[in-house]
Participant: 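Below are the structure tokens for one structure; questions will follow.
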Amino acid sequence: MRQALRGLTTRGRAFVAAGITASLCALLLGQKDLLRVGILLVALPVVAALVVGRTRLRLQVRRSLAPDQVPVGTQATVELALSNQGRMPAGLLLLEDRIPYVLGHRPRFVVDRVSPNWRRTVTYSVKSDVRGLFQVGPLMLTVADPFGLVETSRTFTRSQHLLVTPRVYRLPEIRLGADRAGSGENRPRAIASAGEEDATVREYRDGDDLRRVHWRSTARRGELMVRREEQPWQSRCAMFLDARTISHHGHGPSSSLEWAVSAAASVGIDRIRRGYATTMLGGTTTLSAITHRTSASVHQPLTTQQLLTECATVEEHKYAEIGPLLTVDRHTHDPSLVIAILGACSSEDVTSLNRWRTSQAIGVALLLDAASWAVGAEATEKAARLTAAADATENELRRSGWRVARVRRGDHLPTVWSGLGLRSGRIA
């Protein structure tokens with residue numbers, strides 16, 4: 001009863017105020033007819049509150065999403081199966097399913113009367129032009145009296161999640177020269193200039209056995225090197241997605257970050273389909289690993305579904321440098337191919353990328369020209385500086401042995417990707 005009285009609508013409160021005022025005036029003026037009107041105005045909301053408060057519904061809701069994962073701009077259908085499991089009827093019901101506004105307007109349904117064993121199925125569509133993981137539900141039920149004087153709301157607990165993935169393009173097959181096939185016991189070893197086969201080595205990592213230190217390579221490189229463990233040949237790909245706020249421009253679906261995320265999803269899925277054990281840095285898993293100081297979940301090869309989920313939930317972050325985002329993956333096996341999808345970078349960022357990429361790995365960089373995504377006053381003030389910085393970054397990467405594709409707003413990813421292939425032994 002108290003909850004129902006707290007649910008008085010504006011109309012209900014107006015009735016109570018008018019009734020009290022009329023009753024007081026009737027007492028002062030000695031008007032019995034006016035007193036009857038005042039009592040009636042007060043009694044109506046009280047009676048409505050009693051009726052609503054005694055309404056005991058056993059409403060059951062089953063929600064289904066078809067499908068529960070869609071690309072951006074694609075519709076999904078939500079179905080609500082409603083049923084009354086109780087024996088008590090109810091009057092007017094208002095149903096509202098809570099969804100984020102990026103999925104559309106919140107659907108509302110009105111049910112005039114609910115009888116015992118009542119059943120009804122309602123459907124509505126949702127669509128998002130923004131990627132992400134969105135919560136659909138819970139359902140909010142509002143019980144109201146026919147006069148609209150009292151409303152009480154109840155919220156169900158169950159909800160579901162809709163995954164909206166970035167746009168994925170099918171990429172043309174190109175030769176990058178990073179494939180490793182077969183099942184031999186060792187990786188191919190480089191031949192020294194003197195004709196003697198060098199030991200296959202890598203940088204020392206915490207926990208390595210000191211008996212595996214290769215002193216000749218340590219003396220030559222000036223840092224501690226160890227013999228690499230024997231392992232089957234396998235194509236490995238490590239990707240890095242630059243999602244820093246300072247690296248991108250534009251807003252919403254047309255921003256440079258969204259182009260980069262779509263590129264990461266497309267390239268990653270393409271590598272997984274071609275048999276690469278693929279990892280990705282720069283996403284939510286990387287930020288979580290930095291926060292909790294663990295890298296166990298970062299260097300595990302991703303499935304197609306895991307990669308799509310990672311890309312769908314990428315958000316801009318405020319790291320100033322790339323270095324901390326790359327060092328969480330120090331314990332992974334050395335990849336044969338590293339792919340960096342970059343925004344605006346500094347020379348320190350390029351140094352970190354070169355340190356992350358091993359000498360035996362082929363490096364591919366998609367360098368986004370952030371100036372082409374800048375708009376308005378931002379474009380005129382920063383265009384020249386951003387373009388000059390992108391030119392310097394491209395030159396540094398090429399000098400370090402990276403294959404670089406410069407990306408501008410409006411460029412089609414498959415076309416950009418096909419330009420990175422090898423033709424007659426040269427970079428296209």
Side-chain angles (χ1 to χ4, degrees), residues 3-4 6-7 9 52-53 55-86 88 90-114 117-144 151-168 252-253 258 261 265 283-285 287-288 291-292 297 302-317:
Q3 183 179 0
R6 286 195 296 267
T9 62
V52 172
T55 302
R56 294 291 182 266
L57 281 178
R58 293 180 58 192
L59 196 65
Q60 186 177 40
V61 180
R62 293 182 180 177
R63 180 187 291 100
S64 61
L65 273 170
D68 58 0
Q69 175 179 316
V70 293
V72 292
T74 304
Q75 283 190 347
T77 301
V78 183
E79 182 179 278
L80 296 173
L82 310 171
S83 61
N84 183 17
Q85 304 296 320
M88 294 293 294
L92 187 66
L93 297 183
L94 306 176
L95 304 174
E96 178 181 322
D97 210 13
R98 294 183 175 180
I99 61 173
Y101 287 107
V102 295
L103 297 181
H105 296 290
R106 289 186 174 181
R108 295 179 174 90
F109 310 97
V110 179
V111 179
D112 292 334
R113 181 173 175 80
V114 176
N117 299 320
W118 170 87
R119 295 177 184 276
R120 184 176 175 183
T121 300
V122 295
T123 60
Y124 64 92
S125 298
V126 292
K127 184 177 74 170
S128 174
D129 294 326
V130 181
R131 58 178 175 79
L133 184 64
F134 303 106
Q135 179 176 318
V136 179
L139 182 70
M140 185 174 69
L141 168 68
T142 302
V143 182
E151 291 181 355
T152 59
S153 299
R154 304 166 189 174
T155 303
F156 293 83
T157 57
R158 293 186 178 180
S159 61
Q160 285 184 283
H161 287 89
L162 174 67
L163 182 67
V164 181
T165 61
R167 192 179 306 278
V168 176
E258 295 306 312
V261 171
T284 52
T285 303
L287 299 181
S288 176
T291 303
H292 298 93
S297 59
L302 300 172
T303 64
T304 300
Q305 181 58 48
Q306 290 171 336
L307 178 65
L308 283 174
T309 303
E310 184 81 1
C311 290
T313 55
V314 166
E315 296 182 355
E316 284 188 347
H317 52 80

Participant: Is any side-chain heavy atom of L80 closer than 4.5 Å to a side-chain heavy atom of T121?
Facilitator: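 Answer no - side chains too far apart.
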Participant: Hey, what do you get for CD (E79) to OH (Y124), rounding to the nearest 0.5 Å?
Facilitator: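 The distance works out to 11.5 Å.
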Participant: How long is the straight-line distance from CZ of R119 back to CG of N117, given to the nearest 0.5 Å?
Facilitator: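 The CZ atom of R119 is 7.0 Å from CG of N117, to the nearest 0.5 Å.
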Participant: Check L307 against A265 and note the closest heavy-atom contact, atom names and distance.
Facilitator: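 In terms of heavy atoms, the two residues are closest at CD2-O, 3.9 Å.
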Participant: Apply side-chain contact (heavy atoms from CB on, under 4.5 Å) to E315 and T284, showing your working.
Facilitator: CA-CA 7 Å; E315 296 182 355; T284 52; 5.6 Å; no
Participant: Is a side-chain donor or acceptor of R120 paired with a backbone partner of L82 at a separation under 3.5 angstrom?
Facilitator: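 It does not hold such a pair.
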Participant: Hey, mind stepping through M140 and R154 against side-chain contact (heavy atoms from CB on, under 4.5 Å) and telling me if it holds?
Facilitator: CA-CA 6 Å; M140 185 174 69; R154 304 166 189 174; over 6 Å; no
Participant: Does Q60 have any side chain to side chain donor-acceptor pair (under 3.5 Å) partners at least two apart in sequence or in another chain, and if so, which?
Facilitator: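 Only Q85 meet the side chain to side chain donor-acceptor pair (under 3.5 Å) criterion with Q60.
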Participant: Could you walk me through whether S128 and F134 pass side-chain contact (heavy atoms from CB on, under 4.5 Å), step by step?
Facilitator: CA-CA 10 Å; S128 174; F134 303 106; 3.9 Å; yes
Participant: Stepwise, does the salt bridge (charged side-chain N to carboxylate O under 4.0 Å, His left out) test hold for E258 with R131?
Facilitator: CA-CA 9 Å; E258 295 306 312; R131 58 178 175 79; 2.8 Å; yes
Participant: Could you point out which residue of R63, R158, R106 forms a salt bridge (charged side-chain N to carboxylate O under 4.0 Å, His left out) with D97?
Facilitator: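 The passing option is R63.
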Participant: Kindly compute the distance separating CG (L103) from OG (S125), expressed to the nearest 0.5 Å.
Facilitator: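 Going from the CG atom of L103 to the OG atom of S125 covers 11.5 Å.
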Participant: Let me confirm one number: the CD-CZ distance from E96 to R108, rounded to the nearest 0.5 Å.
Facilitator: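 If we round to the nearest 0.5 Å, E96:CD and R108:CZ are 4.0 Å apart.
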Participant: Do you see a donor-acceptor pair shorter than 3.5 Å between the side chains of T123 and T77?
Facilitator: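 Side-chain D/A pair, T123 to T77: absent.
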Participant: Using the side-chain contact (heavy atoms from CB on, under 4.5 Å) rule, pick out the option among L95, L94, L141, L59 that qualifies with V111.
Facilitator: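 Only match with V111 under side-chain contact (heavy atoms from CB on, under 4.5 Å): L95.
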Participant: Is there side-chain contact between L139 and S159, with heavy atoms separated by less than 4.5 Å?
Facilitator: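 L139 does not reach S159 side chain to side chain.
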Participant: Please tabulate, for side-chain N and O atoms in residues 65-74, each donor-acceptor pair with protein atoms closer than 3.5 Å (sequence neighbours left out).
Facilitator:
| from | atom 1 | to | atom 2 | distance (Å) |
| --- | --- | --- | --- | --- |
| Q69 | OE1 | Q305 | NE2 | 2.7 |
| T74 | OG1 | P71 | O | 3.4 |

Participant: Looking at L163 and A312, what are the two nearest heavy atoms and their distance?
Facilitator: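 Minimum heavy-atom separation between L163 and A312: CD1-CB, 3.7 Å.
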Participant: Examine distances only and state if a side-chain atom of T313 and a backbone atom of T309 form a donor-acceptor pair shorter than 3.5 Å.
Facilitator: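 Yes; at least one donor-acceptor contact below 3.5 Å.
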Participant: Show the numbers, then the answer: is there a side-chain contact (heavy atoms from CB on, under 4.5 Å) between V126 and I99?
Facilitator: CA-CA 9 Å; V126 292; I99 61 173; 4.0 Å; yes
Participant: Could you work out, with salt bridge (Lys or Arg N to Asp or Glu O under 4.0 Å) as the rule, every residue matching E310, not counting sequence neighbours?
Facilitator: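 Partners of E310 under the salt bridge (Lys or Arg N to Asp or Glu O under 4.0 Å) test: none.
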Participant: Are side-chain heavy atoms of T142 and T152 found at a separation under 4.5 Å?
Facilitator: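 When only atoms from C-beta onward are counted, T152 and T142 do not touch, as no gap falls below 4.5 Å.
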